[in-house]
There are 2 protein chains.
Amino acid sequence: MLASATALYTGQVNDVTKRYAKGTARRAEILAAALVAYSASSRSAPRLRDIAQAVNLTEAGVLHYFESKDHLFVAILEARDDDAAKRYDLHTEAGLWAYLEETVCTPGLTKLFVDMSTAASDPQHPAHAFLARHDPAVRQVVRAALNLADPWAEELLIAAAEGLQLRWLREPQTDLIGELRRLVALLKAQPRHS
Amino acid sequence: MLASATALYTGQVNDVTKRYAKGTARRAEILAAALVAYSASSRSAPRLRDIAQAVNLTEAGVLHYFESKDHLFVAILEARDDDAAKRYDLHTEAGLWAYLEETVCTPGLTKLFVDMSTAASDPQHPAHAFLARHDPAVRQVVRAALNLADPWAEELLIAAAEGLQLRWLREPQTDLIGELRRLVALLKAQPRHS
DNA sequence: ACGAAAACCTAGTAGCACTTGGTTTTTTGT
DNA sequence: ACAAAAAACCAAGTGCTACTAGGTTTTCGT
């Protein structure tokens, strides 16, 4: 994960479709329920059926709002990005850490992100386009918030963060934040242009 | 990925089932074909049907050798581990790098490993048991080959390696080996017990 | 209050992993 | 060499799931 701020890219390209008040509420409701369902199902991805039932809808009802199951999942991450951009000042180090602590404590979100991240290797997958926007935004945030020595340090930090998420999924006792803090300290101690 | 050496755990617990000569050959053939299929399909995991066709078998024919599709995938990684343990001396730094260079150049293997890694968050998934054995073996190899300052450095390096694989899937131009070499240099320059 | 568009459902379809219950092929014991 | 015996393999299913087609109901601007 590591932050993002979709809202920073541009002014919301998606969601051109018109909606009634009930519709926008339902859409948000589905996103929330899907995230909960993702947390609940340790195994693979949750079934569309379960998500639908959680909001008293049929599967077709859910698909009315999202092009496909995977589009729904990516939409969760997008919504999360927008939300984070509003609630935290990601361009300061303190804000970034605060965001990370909250994100890590949301089970399912990490798994969702990693799943989408691997799925994105297919250019046709909706997650591909999302990450093509998300990744540079993360870079931007890291650069502004931490002011590391060079681009390499930024890339490494982000890679380490994602790798630690992967590990955390298997071993939840992993102190993700602590490990990252220590790495940042190490990177900052390094001379520039090393 | 980052090496492994399944053969180091114990003396092959699995494969107690008896097999004719043709059977063991087929099994190996399937493993090879499945890896190729995994590389070919950028999208998700390959279909059982495609793997079966590649070796002139039906789907049921393949399932005769592997309990399930996911068991087959995990078996690929296990076979790979055994193979690597034979072909490289993973307890030396040179051997470790050589192994890594070859592994990274095998498309599909990385994706397979990452996929199994996320699937392993479900304790019921066959990849869970595999990684429970694999992870400590990797730690062992890293410790022996690199002699880093402390356990934290080892954990971080492994996490970074996995994170870089995730990134490499999206951006194949990523210089995975180069980034890792630089991190190792940085970690070795650090004082012990920092 | 009326009409149009969104919201939603019923009843499918198709693709997939996997099972069942066999037949064929390979191997081993004598 | 020649039966058993067991592995190798297949045809035809089953069940689950994401998704579609087409219709009905609800919302809401005018």
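Note on naming: letters A, B, ... go to the chains in the order of the sequence lines (proteins, then strands), and numbering restarts at 1 for each one.
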Verify the contact: side-chain N or O of R26(A) to OP1 or OP2 of dC8(C), cut-off strictly under 4.0 Å; return yes or no.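 Answer yes for this pair, as a side-chain N or O of R26(A) is under 4.0 Å from OP1 or OP2.
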
Taking every non-hydrogen atom, the tightest pair across L183(A) and A160(A):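 Heavy atoms only, the tightest pair is CD2-CB, 3.6 Å.
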
W97(B) versus E101(B), side-chain donor and acceptor atoms under 3.5 Å: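 Distance-only check fails for E101(B) and W97(B).
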
Just the rounded figure in Å: distance from [atom2] of [N] to [atom1] of [X].
X      : N       : atom1 : atom2 : value
D50(B) : dC16(C) : CG    : C1'   : 11 Å
L63(A) : dA7(C)  : CG    : C1'   : 14 Å
Y65(B) : dC18(C) : OH    : P     : 18 Å
E59(A) : dT13(C) : CD    : P     : 16 Å
I51(B) : dC18(C) : CD1   : C1'   : 14 Å
Q53(B) : dC16(C) : CD    : C1'   : 14 Å
L48(A) : dT13(C) : CG    : C1'   : 16 Å

Return whichever of R49(A) or Y20(A) has its heavy-atom-nearest nucleotide of DNA chain D closer to the 5' end.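 Checking each residue's closest nucleotide, the 5'-ward one belongs to R49(A).
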
Using side-chain contact (heavy atoms from CB on, under 4.5 Å), reason through F130(B) and D81(B) one step at a time and then give a plain yes or no. CA-CA 11 Å; F130(B) 167 71; D81(B) 277 359; 3.5 Å; yes

When you measure from the side chain of K69(A) to the backbone N and O of P46(A), does any donor-acceptor pair fall under 3.5 Å?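 Judged by distance alone, yes, a pair lies under 3.5 Å.
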
Side-chain donor or acceptor of T110(B) paired with backbone N/O of T106(B) under 3.5 Å: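 Between the backbone of T106(B) and the side chain of T110(B) there is no qualifying donor-acceptor contact (under 3.5 Å).
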
From the 5' end of DNA chain D to its 3' end, which nucleotides mark the outer limits of contact with chain A, defined by a 4.0 Å heavy-atom distance cut-off (strictly under)?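 Contacts span dT17(D) to dC28(D), reading 5' to 3'.
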
Of the nucleotides dC18(C), dA6(C), dC8(C), which has the atom closest to the K18(A) side chain?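 Output: dA6(C).
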
Is the H134(A) ring parallel, tilted or perpendicular to the F113(A) ring (thresholds 30°, 60°)?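 Rings of H134(A) and F113(A): tilted, 30 to 60°.
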
Contact nearer the 5' end of DNA chain C, comparing K69(B) with A21(B):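 Taking each residue's closest nucleotide, the earlier one in sequence belongs to K69(B).
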
Counterpart residues, salt bridge (charged side-chain N to carboxylate O under 4.0 Å, His left out), relative to K111(A) (two or more places apart):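 Only D115(A) meet the salt bridge (charged side-chain N to carboxylate O under 4.0 Å, His left out) criterion with K111(A).
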
